[in-house]
There are 2 protein chains.
Amino acid sequence: MVDTALASLFAHFEQYIKLSTSLRDALAERMHLVTFKKGDLIHNADTICKESYFIQKGILRTYFLKDGKEITEYFVSENEWVNSPRSMIQQKVDIYFIDALEDTIAFKLKIHHLGYLFDNFPEMERYARLSMGSLFGHFMERITSLRFTTAKEKYDHFLTVYGDLYPRLPLGMVASYLGITQETLSRLRAER
Amino acid sequence: MVDTALASLFAHFEQYIKLSTSLRDALAERMHLVTFKKGDLIHNADTICKESYFIQKGILRTYFLKDGKEITEYFVSENEWVNSPRSMIQQKVDIYFIDALEDTIAFKLKIHHLGYLFDNFPEMERYARLSMGSLFGHFMERITSLRFTTAKEKYDHFLTVYGDLYPRLPLGMVASYLGITQETLSRLRAER
DNA sequence: GTTGATTTTTGATCCAGATCAAAAAGTTAT
DNA sequence: ATAACTTTTTGATCTGGATCAAAAATCAAC
């Protein structure tokens with residue numbers, strides 16, 4: 001169980017860097033599997049983010065509150081990292097909450113362990129640089145999509161990018177992610 | 001002239017990492033000042049991006065074409081880097097053009113020199129990780145702004161973030177950056 | 001400074017999607 | 001299975017900002 005989980009974790013890293021045995025060992029020692037139940041709050045915006053999670057199974061959601069309503073910032077699933085970015089980096093509070101949309105298994109990595117890895121394995125810095133770089137493209141696409149597409153096009157784009165996740169997600173959360181109302185999304189869905 | 005330029009470049013790096021003398025020297029050797037005239041095309045979307053620029057003076061704009069019209073992706077000014085991110089990282093063509101909105105002085109860094117710096121100075125990797133991290137906050141704010149604010153609020157937010165740049169920018173470019181029409185932006189401006 | 005080109009403003013109309021409201025379908029717990 | 005709650009759908013109305021069009025202001029070049 002733990003070994004197959006570790007294997008997929010290592011495979012993820014290997015997409016960006018070559019993993020030395022010593023780095024493998026260092027990672028295995030510091031990343032620990034934790035489980036969440038559907039609905040669990042993983043990170044509260046009131047607190048400073050002290051850990052990152054690498055999802056093994058399940059879906060987590062980052063959201064914030066606007067006028068008392070939960071607005072989805074993004075969804076995270078298998079083989080992706082989550083934390084509250086600015087809170088994590090600058091060690092101050094930020095607006096984001098993280099909760100579990102399904103029963104979830106994840107590796108937990110504490111910030112001081114992450115710091116240790118960065119300080120002792122330059123290839124970890126490279127991994128971070130490269131993996132963040134590939135997120136940039138997604139951000140840019142999303143920004144373009146928000147500026148210049150109709151609700152229908154946003155919905156279609158969402159399906160191509162998150163098609164596998166989509167059936168597992170409540171409608172309202174998808175709507176707030178796309179910046180449209182739930183009613184509009186429901187109507188779009190109906191017309192096909 | 002070159003020394004004060006180098007000083008501001010180093011000061012930028014020092015926000016994130018401590019610069020060793022050898023890294024200073026390596027940077028000074030590989031980054032060369034170039035100038036552009038207003039209107040010059042710095043990067044053509046037809047080509048693979050082979051260099052990054054660190055702006056010393058002036059404004060560059062990243063844009064792409066949609067239905068034959070230029071859509072601003074973002075503006076870059078003093079003490080910021082520009083390139084075509086995905087083209088640079090993956091060394092393939094992408095949709096973005098870069099041009100000069102003013103006469104501009106910038107440091108040019110070729111990709112193979114950048115690679116050399118990353119390979120030989122682990123602190124460069126750290127610099128890249130940390131500086132990219134701080135861009136994330138801006139991306140997230142922009143995404144939120146695009147999803148949930150009125151044209152007026154977008155305009156106000158732009159003024160607080162890019163207030164100093166604003167008077168130097170053509171209206172239409174700002175409008176496409178914000179995802180609203182030039183007419184709407186013009187009306188917003190009038191009503192205050 | 002006059003001419004031609006570009007940018008900005010102003011005006012009139014229109015529509016995609018928001019909002020408000022309530023019914024229907026689906027979920028969860030006893 | 002039934003009650004209580006949550007999520008999704010459907011309906012009716014309204015509006016911010018788009019679109020189309022043209023005038024006014026700015027800018028650039030000879």
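Order of the sequence lines fixes the chain letters, A, B, ..., with proteins taken first and strands second; residue numbering starts at 1 for each chain.
- Under 4.0 angstrom from either OP1 or OP2 of C/dA18 there lies at least one side-chain N or O belonging to A/Thr184.
- Using modelled atom types, no side-chain atom of A/Glu125 and backbone atom of A/Pro122 make a donor-acceptor pair closer than 3.5 Å.
- Put simply, the side chain of A/Ser186 never gets that close to the backbone of A/Thr184: no donor and acceptor are under 3.5 Å apart.
- A straight line from NZ of A/Lys38 to P of C/dA29 spans 10 Å, rounded to a whole angstrom.
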Can you tabulate the close N/O pairs, meaning under 3.5 Å, that link protein atoms to atoms of nucleotides 20-26 of chain C?
from	atom 1	to	atom 2	distance (Å)
C/dC20	N4	A/Glu183	OE2	3.2

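- Direction of the helix axis in the helix from C/dG1-D/dC30 to C/dT30-D/dA1 shifts by 60° between the two five-pair termini, rounded to 10°.
- Centroid-to-centroid, the aromatic rings of A/Tyr127 and A/His12 come within less than 6.0 Å.
- Using a 3.5 Å distance cut-off with no hydrogens or angles, the side chains of B/Ser87 and B/Asp94 do not pair a donor with an acceptor.
- For B/Lys37 and B/Asp99, the salt-bridge test fails: no basic side-chain N is under 4.0 Å from an acidic carboxylate O.
- Across all strands shown, B/Gly39 has no heavy atoms under 4.0 Å from either base or sugar-phosphate atoms.
- Cation-pi geometry between B/Arg189 and B/Tyr155 is not satisfied (NZ or CZ under 6.0 Å from the ring centre, within 45° of the ring normal).
- Between the CG atom of A/Leu185 and the P atom of C/dA18 there is a distance of 10 Å, rounded to whole Å.
- Of the candidates A/Phe158, A/Tyr166, A/Tyr74, A/Phe158 is the only one forming a ring pair (Phe, Tyr, Trp, His ring centres under 6.0 Å) with A/Tyr177.
- Contact check, B/Thr181 against D/dA18: a side-chain N or O comes under 4.0 Å of OP1 or OP2.
- Separation of the A/Tyr63 and A/Phe75 ring centroids does not fall under the 6.0 Å cut-off.
- A heavy-atom distance below 4.0 Å to DNA chain C is reached by these residues of residues 164-175 of chain B, ordered by number: B/Pro170, B/Leu171, B/Gly172.
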